Amino acid sequence: MPLVTSTEMFKKAYEGGYSIGAFNVNNMEIIQGITEAAKEENAPLILQVSAGARKYANHTYLMKLIEAALIETDLPICVHLDHGDTFELCKSCIDGGFTSVMIDGSHHSFEDNIKLTREVVEYAHDHGVVVEGELGRLEGVEDDVNVSAEDASYTNPEQVQEFVERTGVDSLAIAIGTSHGAYKFKPGTKPQLRFDILEEVERLLPGFPIVLHGASSVIPEFVKMINEHGGNMPDAIGVPEDMLRKAASMAVCKINIDSDLRLAMTGTIRKYFDENPSHFDPRQYLKPARAAIKEMVRHKLINVLGCNGKA
Ligand code: G3H
Ligand code: 13P
Ligand code: ZN
C-alpha cells in the first residue's frame with residue numbers, strides 16, 4: 001500500500017470515537033517497534049518527523065525506512081512533518097514525499113499565523129498533501145501564574161472557526177493544558193485538562209478533526225526503570241490515560257506521542273547496561289529497546305487510542 005494522507009483515517013476516527021496515534025520517529029528501531037505493534041493490532045498509523053529528527057537522521061534515510069515499513073506491514077501509514085515552522089521546511093517535506101505537514105504558527109500573532117498557514121495550505125493542497133495548523137500555545141500550566149497569562153496559552157474557541165475557514169487547514173492542534181516533554185504537571189497537583197474548550201471547539205466545528213500535542217502519559221514504569229539504573233529524573237507527571245481516552249472519544253482524532261517512546265527506549269537500555277556492563281554490541285541493547293517500544297505502543301493502540309483493528 002502507498003503512503004496515505006490522514007483524511008480517511010480522521011473521518012473514520014471521528015465517527016468511531018477513537019484516535020490515531022502519531023508517533024515521533026528518528027531511527028530504525030523506533031520505526032520497527034511502532035510499526036510491528038501496529039501490524040499485529042491492524043491499526044492505522046501516523047509516523048511524524050520533527051525538524052530536529054529530520055536533521056539527525058536525514059530525510060532520505062527516514063523515507064526509505066518508512067517505505068520499508070509499508071512493505072512489511074501493508075498498513076495505511078501517513079508521514080507527517082511535526083511542528084514545521086517555515087513555509088520552506090513544509091515545502092521541502094512536501095516535495096520529498098511527506099503526505100501531511102504541520103505548520104506551527106502558534107507563536108505568531110493571529111493574523112500572521114493565518115497568513116503563514118494559508119500559504120502552506122495552498123502549496124500542500126496543490127500537491128495532494130494535508131495540513132495541520134495550531135492555534136493556542138502549548139505550555140506547562142503553572143499554579144502560580146496569574147489567570148490572564150494562564151488563559152492566554154489556551155486556545156480561544158472563538159477564534160477557531162475563523163482560523164479554519166480562512167486558512168483551509170485539514171486539522172487543528174489546540175491547547176487545552178497538555179505540554180511537551182516529561183514534566184507536564186506540578187508534582188503533588190492533580191493533572192487537569194480544559195475539556196470545556198475541547199467541547200466548545202467541537203460544537204463550533206462539528207466533524208472537524210482536532211489534534212492533541214504533548215500527550216505522553218510519562219509512563220511511571222519507565223521513569224522508575226531509568227532511576228533504578230543510574231538515571232536521575234525528578235518527579236515526572238504526564239497526561240493520565242483516562243483523559244486521553246476521553247479526548248479520543250470526542251473530536252480529538254490525532255494524539256501525539258514522543259516522550260513515552262524516549263522513556264521506553266532509554267529505560268530499557270539503562271537497565272540492559274546495568275545488568276550487562278561488559279556488553280558492547282549495539283544489537284544486544286537495541287533489541288530489548290525495540291521490543292519495549294513495541295509493547296508500549298501496543299498498549300496505547302488498544303487501551304488509549306482505541307484504533308486497534310481499524311486499519
Ligand atoms: O513536539 C516535539 C517533539 O517531541 C519533537 O521533539 O524537536 O526534540 O525532535 P524534537
Ligand atoms: P510528548 O512530549 O508528550 O510526547 O508530545 C509529543 C508531541 O506533541 C510531538 O509533537
Ligand atoms: Zn507537539
Side-chain angles (χ1 to χ4, degrees), residues 6 19-27 30-31 33-34 45-59 61-62 78-86 89-90 93 98 100-107 113 117 131-141 153-155 169 171-185 191-193 209-220 222-223 226 233-234 236-241 243-245 247-248 252-267 292-293 296-297 299-301 304-305:
S6 50
S19 200
I20 310 295
F23 298 96
N24 284 72
V25 299
N26 59 56
N27 72 16
I30 294 173
I31 292 174
I34 297 164
L45 263 186
I46 298 175
L47 297 178
Q48 57 186 12
V49 177
S50 68
R54 191 164 172 264
K55 215 173 191 175
Y56 169 78
N58 172 298
H59 183 98
Y61 277 94
L62 288 173
C78 166
V79 186
H80 173 78
L81 168 67
D82 190 28
H83 293 283
D85 59 349
T86 61
L89 174 59
C90 292
C93 290
F98 281 34
S100 174
V101 293
M102 174 188 193
I103 177 69
D104 180 356
S106 61
H107 48 290
N113 188 357
T117 305
V131 180
E132 172 185 328
E134 177 160 339
L135 198 53
R137 291 192 71 177
L138 242 70
E139 281 165 353
V141 178
S153 67
Y154 293 117
T155 301
V169 282
S171 62
L172 183 69
I174 63 169
I176 59 167
T178 62
S179 59
H180 291 111
Y183 309 102
K184 300 185 190 301
F185 301 100
Q192 274 179 337
L193 297 185
I210 298 301
V211 178
L212 196 61
H213 282 246
S216 278
S217 292
V218 189
I219 300 171
F222 293 118
V223 176
I226 288 172
M233 283 184 67
I237 301 169
V239 187
E241 289 186 351
M243 291 191 185
L244 295 170
R245 279 197 296 273
V252 171
C253 294
K254 172 174 180 271
I255 289 190
N256 284 13
I257 297 157
D258 189 357
S259 296
D260 279 335
L261 296 165
R262 299 177 183 197
L263 291 166
M265 186 156 214
T266 303
I293 284 178
M296 189 274 285
V297 169
H299 169 78
K300 301 253 186 208
L301 298 174
V304 179
L305 300 152

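First listed ligand is number 1; within each ligand, the first listed atom is number 1. Values in this document were obtained by computation on a predicted structure and should not be read as measured data.
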Short list, please: which atoms of ligand 2 are under 4.0 Å from a heavy atom of [X]?
| X | answer |
| --- | --- |
| G214 | 1 (P), 3 (O), 5 (O), 7 (C), 8 (O) |
| K184 | 1 (P), 2 (O), 3 (O) |
| H213 | 8 (O), 10 (O) |
| S259 | 1 (P), 2 (O), 4 (O) |
| N24 | 9 (C) |
| I257 | 4 (O) |

If we only count heavy atoms from C-beta on, is the [X] to [Y] side-chain gap below 4.5 Å?
| X | Y | result |
| --- | --- | --- |
| T178 | M243 | no |
| V223 | V218 | yes |
| V101 | V131 | yes |
| D260 | F222 | no |
| N24 | N26 | no |
| H83 | S50 | no |
| K184 | I237 | no |
| L244 | S217 | yes |

Have a look at H83, R262, H180 and point out the one with the heavy atom closest to atom 7 (C) of ligand 2.
-> H180
Select the closest option to atom 6 (C) of ligand 2 among L261, D104, D258, judged by heavy-atom distance.
-> D258
Say whether, by atom type as modelled, one donor and one acceptor occur between the side chain of [X] and the main chain of [Y] under 3.5 angstrom.
| X | Y | result |
| --- | --- | --- |
| T155 | L135 | yes |
| N256 | V211 | no |
| S216 | I257 | no |
| K254 | I20 | no |

Which protein non-hydrogen atom lies closest to [atom], naming both residue and atom, and how far is it?
| atom | value |
| --- | --- |
| atom 9 (O) of ligand 1 | S50 OG, 2.6 Å |
| atom 9 (C) of ligand 2 | D82 OD2, 3.1 Å |
| atom 8 (O) of ligand 1 | R262 NH2, 3.1 Å |
| atom 3 (C) of ligand 1 | D258 OD2, 3.3 Å |

Using a 4.0 Å heavy-atom threshold (strictly under), name the region of [X] that reaches ligand 1: side chain, backbone, both or neither.
| X | value |
| --- | --- |
| D82 | side chain |
| N26 | neither |
| H213 | neither |

Look at atom CD of Q192 and say whether more than 12 heavy atoms of other residues, nucleotides or ligands are closer to it than 6.0 Å.
-> no
Angle at the Zn ion (ligand 3): provide the value between ND1 of H213 and NE2 of H83, rounding to 10 degrees.
-> 90°
Taking only heavy atoms of [X], which atoms of ligand 1 are found under 4.0 Å from at least one of them?
| X | result |
| --- | --- |
| N24 | 3 (C), 5 (C) |
| H83 | 1 (O) |
| H180 | 1 (O), 2 (C) |

Between T178 and ligand 2, which residue portion shows a heavy-atom distance shorter than 4.0 Å: side chain, backbone, both, or neither?
-> neither
Would you mind telling me if ligand 2 is within reach of the side chain of A215, the backbone, both or neither, using heavy atoms under 4.0 Å?
-> backbone
